[in-house]
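Here's the structure, in structure tokens; my notes come after.
All chains are named by letter (A, B, ...) in the order of the sequence lines, taking the proteins before the strands, and each is independently numbered beginning at 1.
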Amino acid sequence: MTISKEQVRAIEFSDLPKRFDVPEREAHWRKMWDELGIHEHDHSQPRERNYVIDSPPPTASGSLHPGHIFSYTHQDIIARYRRMTGWNVVYPMGWDDNGLPTERRVQNYFNVRCDPDQQVEPELAAAQNINKTRAVLDSLRPHKERIKDPLPIAREDFIRICHFVTEEDEQAYKDLFNRMGYSIDWGEEYATIDDRSRRIAQRSFLDLDQKGHVYTAELPTMWDVDFQTAVAQAEVEDREKQGAYHDIEFAVENPGPGDPTSFVISTTRPELLAACVGVTAHPDDERFKGLFGKHAIIPAFFSRVPIFPSDKADPEKGTGILMVCTFGDQTDVEWWREEGLALKPMLDKDGRVRHMEYGDEWEAVPGYEDRAKENFGQLIGKRVNQAKRITVELLQDPANSATGNGAPMLGEPKPISHPVRYYEKGDNPIEYLTSRQWFVRLLDKKDGLQSKGEEVRWRPDFMHKRYANWTDGLNADWAVSRQRYFGVPIPVWYPLNEHGERDYGNYIVAPEDMLPVDPTATPPPGFSEEQRGKPGGFDAEVDVFDTWFTSSLSPQIVARWGDEDDRMAQLFPMDIRPQAHDIIRTWAFYTIAKAMLHQDDIPWRNAAISGFIIDPDRKKMSKSKGTAVTPLPLVERYGADAVRYWSSNGRLGMDMAYDESVFKIGAKLVTKLYNAGKFVLSQTGSQGEITNELDKAFVAELKEVVRRATAAFDEYEFAIALQVTEEFFWSGFTDNYIELLKGRTRSDDDMEGRASAVAGLRLGLSVMLRLLAPFIPTITDEVWSWVFADETDFESVHMAPWPAKSANPTEAGMLDGYSLPNAHSLAAVPDPENGNSFTAACEAIAAVRKAKSEAGISLGKPLSSLVLLADEQSRADLTLVLPDVAAAGGAPEVQFNGAAGASADARFVAEIEPLEE
RNA sequence: GGGCGAUUAGCUCAGCUGGCUAGAGCACCUGCCUUACAAGCAGGGGGUCGCAGGUUCGAGUCCUGCAUCGCCCACCA
């Protein structure tokens with residue numbers, strides 16, 4: 001054994017500040033990482049060396065929330081781990097800025113509304129920022145005293161303002177993400193509204209059209225009356241609302257002998273009575289059997305509607321017989337289609353009752369036309385709630401009876417609580433309106449969607465069920481058109497016939513080389529702008545795509561599908577989609593659907609599903625309930641590492657309580673690493689190898705920790721990796737190993753032992769820093785920079801290799817090309833002679849501490865005598881490490897007493913004699 | 001009504017394919033200013049592992065049923 005005379009590179013203890021200045025150093029390291037380019041990837045690498053993350057583009061106008069930090073930190077941990085294990089990590093970031101949230105924010109913020117009939121305001125076009133825009137808008141308001149009314153502005157102006165607002169919102173996200181130390185490659189930034197995304201989204205439409213997967217049709221569709229747009233099944237949610245049953249008597253036309261002359265329906269939507277087009281009951285229901293095939297006369301509006309049987313009617317519900325309206329709910333739509341009922345659309349797109357002459361347009365029974373018209377006239381222009389109130393009043397008037405039995409409404413409304421469908425971003429219930437929309441055919445592809453879902457590795461596994469259930473329950477094709485403005489235009493025009501009517505059957509799709517295109521600004525090939533809107537000319541589709549239509553293409557957008565073939569081959573399919581479980585049915589589902597339809601492939605191999613952040617009272621945190629906390633102040637108070645530590649403890653798929661005490665633990669870990677790093681790196685000694693039994697035994701334990709952490713990471717169980725590492729760092733490394741070595745690191749007699757101790761401490765620190773680097777990147781890099789950066793030639797711990805090869809066999813070898821000096825290599829350390837040496841030493845020193853603690857004396861108090869009661873085996877395990885145990889106990893030597901003596905809950909019991917002063 | 005998850009110390013959570021006297025951190029109590037760290041160290045108290053059955057030599061761990069909470073879906077007269 002030769003000991004090099006060369007000294008290890010040590011730091012001067014006093015050179016470092018007593019406390020770690022978190023804000024200052026975090027800012028420093030963010031800058032350093034930027035300069036070192038740790039987040040950048042090598043564009044020349046083939047698919048198999050790349051690890052591609054399909055990062056979720058946040059909704060630009062959404063509010064910042066601790067949930068963002070939670071799930072985005074998970075991605076960053078994975079990204080950093082993968083980099084250290086040798087992958088060429090591609091970590092892009094996008095912004096999902098088109099869609100309703102942005103429009104709504106602009107409407108509220110500037111008090112404007114988009115009106116496509118308005119002319120563009122040159123002054124607005126000139127205003128290049130938010131403040132100027134606001135000033136111009138104020139100057140345009142006709143009545144300053146009546147600023148309550150939203151100012152109508154042109155589509156072009158409206159879209160421009162949306163862009164301003166999203167840019168500002170994106171900056172807020174970007175600031176937070178940077179502050180959190182996320183290793184996002186900002187060179188790979190995109191927005192779902194930018195030219196490339198628009199081109200690829202429109203290309204998606206072209207491809208779907210070519211393959212016959214899209215169609216346009218006029219159908220009853222779920223409609224939001226406030227936003228005045230169609231919405232998709234996936235965007236609808238149920239809310240429990242107060243409603244009331246209204247019992248209303250209908251007359252039977254020409255009842256047979258023994259049949260009832262009237263019946264009573266029970267409805268929560270009396271306001272739709274005028275739109276009643278049928279009545280149904282269960283075919284086996286004895287009460288109504290004789291009525292099937294006959295007609296009923298509705299009160300107040302006196303129209304004649306068929307009575308038909310349907311097994312979808314539940315005899316137990318209400319009165320067992322019910323009215324079918326166009327349209328009260330999804331079942332009404334089905335009845336209407338299956339029974340070929342009349343279409344009586346009662347509501348306009350704004351949710352108000354249509355202007356219409358009842359009795360003329362819709363037939364009332366002879367003699368009652370005027371009464372029907374008069375009654376309906378009271379409803380025209382009213383919103384649903386008001387119409388409901390008026391209808392109830394009408395029904396309380398005996399004059400409106402269809403039977404002559406008195407008031408058609410029986411009794412008072414009976415309040416109930418029932419689920420009502422809402423657009424998830426809306427404030428008023430969904431209505432079913434008939435309108436022309438574009439659809440992507442999905443109902444005929446459930447099998448394919450299911451098998452693609454099975455090809456994806458869902459993490460945790462049970463999240464696959466969410467996808468499978470949703471796919472199984474799909475009951476409508478995907479409505480992709482939205483009657484909005486800030487979005488990707490549908491690249492379609494319609495030829496106009498000689499009457500100026502659209503020929504929907506012969507729609508014109510933009511050719512590939514025109515993309516991205518705005519059909520409202522550009523004529524289709526073969527037409528000139530002058531022909532727009534003219535008979536024999538053309539007309540543009542004004543609708544835009546549903547925002548999911550574009551965001552579901554995030555893998556294709558990042559991989560530049562159709563633009564750069566080699567890049568597509570390098571990045572697609574991607575490796576991982578991190579996202580939350582609430583949008584499995586939307587984002588994950590649509591992304592899988594698009595990859596299947598376009599590439600006949602899965603979009604990514606793994607879906608990592610994060611949980612939610614919940615309040616202490618077990619509710620999902622939400623801004624609307626005022627329970628959400630703004631994340632930035634948290635980062636300012638505790639530091640990014642501490643906040644990341646909190647996130648790191650949340651396992652995939654599991655909801656986690658918002659608990660600030662966990663931030664404090666993270667902050668403690670940061671402090672501990674700083675101090676431990678200072679201590680370890682200030683120890684001086686010869687540059688030597690690890691030869692001492694205790695040091696070798698410590699390294700053996702460390703190897704096991706690395707193995708377990710790596711295995712956990714490969715299964716995306718980063719929380720377990722952190723737990724294993726942190727536990728060993730705290731109790732194995734700092735509380736025991738460092739304490740056991742304090743004697744030997746200062747020894748002037750045992751130079752070889754001292755060199756081994758210093759080498760063991762440094763190797764331990766080096767490995768700990770690397771294992772913790774994905775979680776708490778700042779403090780680990782700070783400590784790494786003091787000595788190890790020079791020593792290893794890895795300027796940042798985030799560029800250094802993970803201390804083990806990935807345990808996943810398919811990923812073995814990803815560390816090729818890295819090399820570290822022996823001083824940082826676990827493999828270079830030989831195994832200990834006794835595998836129990838380290839544990840035994842820790843337990844022995846614990847016995848000494850317990851004795852000192854019970855005696856009420858300082859742990860540093862020197863001893864004149866130390867006797868350990870232990871059995872034969874335990875004594876043997878300690879044999880090779882006795883000097884370190886004695887030194888750590890403050891005793892000249894360790895003596896043993898008896899083979900028995902160890903109590904039931906400890907292998908060692910210490911008897912101590914303090915040294916008299 | 002269907003599906004999925006959760007239920008372990010006062011709080012937040014670990015306990016993987018069944019094999020310990022059930023663990024950690026926070027909080028609590030006691031002691032220690034020990035030359036990396038008092039934002040620290042050491043010691044201690046605290047749980048019939050939601051309930052009831054079952055399988056097994058042995059069950060937080062597997063099976064069945066139930067309860068409570070949460071999420072997703074369906075219902076929406």
Is the Phe728(A)-Tyr737(A) ring centre distance short of 6.0 angstrom?
-> no
Select base, sugar-phosphate, or nothing to describe what Tyr245(A) touches, counting heavy atoms under 4.0 Å on all strands.
-> sugar-phosphate
Roughly how many Å is it from CG in Asn736(A) to C1' in rU34(B), rounded to a whole number?
-> 15 Å
Within the structure shown, what part of the strands sits under 4.0 Å from Arg239(A) by heavy-atom distance: base, sugar-phosphate, or nothing?
-> nothing
Return no unless some side-chain N or O of Arg269(A) is found under 4.0 Å from OP1 or OP2 of rC76(B).
-> no
Give me the residues of residues 308-317 of chain A where at least one heavy atom lies under 4.0 Å from an atom of RNA chain B, by number, or none.
-> Ala313(A), Asp314(A), Lys317(A)
Return no unless some side-chain N or O of Arg746(A) is found under 4.0 Å from OP1 or OP2 of rA36(B).
-> yes
Identify whether any heavy atom of Met323(A) sits under 4.0 Å from a base atom; if not, whether one sits that close to sugar-phosphate; answer base, sugar-phosphate or nothing.
-> nothing
What stems, by residue range, does RNA chain B take part in, given at least 3 consecutive Watson-Crick or G-U pairs under 3.5 Å?
-> B:1-7 with B:67-73, B:10-13 with B:23-26, B:28-32 with B:40-44, B:50-54 with B:62-66
Give a yes-or-no answer on whether the side chains of Ser874(A) and Asp871(A) include a donor-acceptor pair shorter than 3.5 Å.
-> yes
Quickly work out the Glu237(A) CD to rC76(B) P distance and round it to whole Å.
-> 18 Å
Looking at every strand, decide which applies to Glu717(A) at a 4.0 Å heavy-atom threshold: base, sugar-phosphate, or nothing.
-> nothing
Under the side-chain hydrogen bond (donor to acceptor under 3.5 Å, both in side chains) rule, collect the residues that match up with Thr73(A), sequence neighbours excluded.
-> Tyr182(A)
Who are the side-chain contact (heavy atoms from CB on, under 4.5 Å) partners of Ile665(A), not counting sequence neighbours?
-> Tyr645(A), Glu726(A)
With a cut-off of 3.5 Å and sequence neighbours excluded, list every side-chain donor-acceptor pair involving residues 460-468 of chain A.
unit_1	atom_1	unit_2	atom_2	d
Arg466(A)	NH1	His581(A)	ND1	3.4
Tyr467(A)	OH	Leu449(A)	O	2.8

For RNA chain B, what residues of residues 468-475 of chain A have any heavy atom nearer than 4.0 Å?
-> Asn469(A), Trp470(A)
Report the glycosidic orientation of rG44(B): syn if within 90° of 0, anti in every other case.
-> anti
By side-chain hydrogen bond (donor to acceptor under 3.5 Å, both in side chains), Ser747(A) pairs with (sequence neighbours left out) none
Applying salt bridge (charged side-chain N to carboxylate O under 4.0 Å, His left out), name anything that partners Arg25(A), two or more places apart in sequence or on another chain.
-> Glu782(A)
Sorted by position of nearest nucleotide on RNA chain B, 5' first, the leading residue of Met463(A) and Ser858(A) is Met463(A)
Residues two or more places apart in sequence or in another chain: which of them pass side-chain hydrogen bond (donor to acceptor under 3.5 Å, both in side chains) with Asp285(A)?
-> Arg287(A)
For the base of rC11(B), is there a side-chain donor-acceptor partner from Asp659(A) under 3.5 Å away?
-> no
Looking at rA14(B), does its base get a donor-acceptor pair with the side chain of Glu727(A) below 3.5 Å?
-> no
Sub-3.5 Å pairs of nitrogen or oxygen atoms, protein against nucleotides 38-42 of chain B:
unit_1	atom_1	unit_2	atom_2	d
rA38(B)	OP1	Lys18(A)	NZ	3.2
rA39(B)	N7	Arg19(A)	NH1	2.6
rA39(B)	N6	Arg19(A)	NH1	3.2
rG40(B)	O3'	Lys672(A)	NZ	3.3
rC41(B)	OP1	Lys672(A)	NZ	2.8
rC41(B)	OP1	Trp730(A)	NE1	3.2
rA42(B)	OP1	Asp735(A)	OD2	3.2

Which residues pass the ring pair (Phe, Tyr, Trp, His ring centres under 6.0 Å) test with Trp223(A), sequence neighbours left out?
-> none
What is the minimum heavy-atom distance between Leu272(A) and Met323(A), and which atoms define it?
-> C-CE, 4.2 Å
Can you name the ring pair (Phe, Tyr, Trp, His ring centres under 6.0 Å) partners of Phe775(A), sequence neighbours left out?
-> Phe713(A)
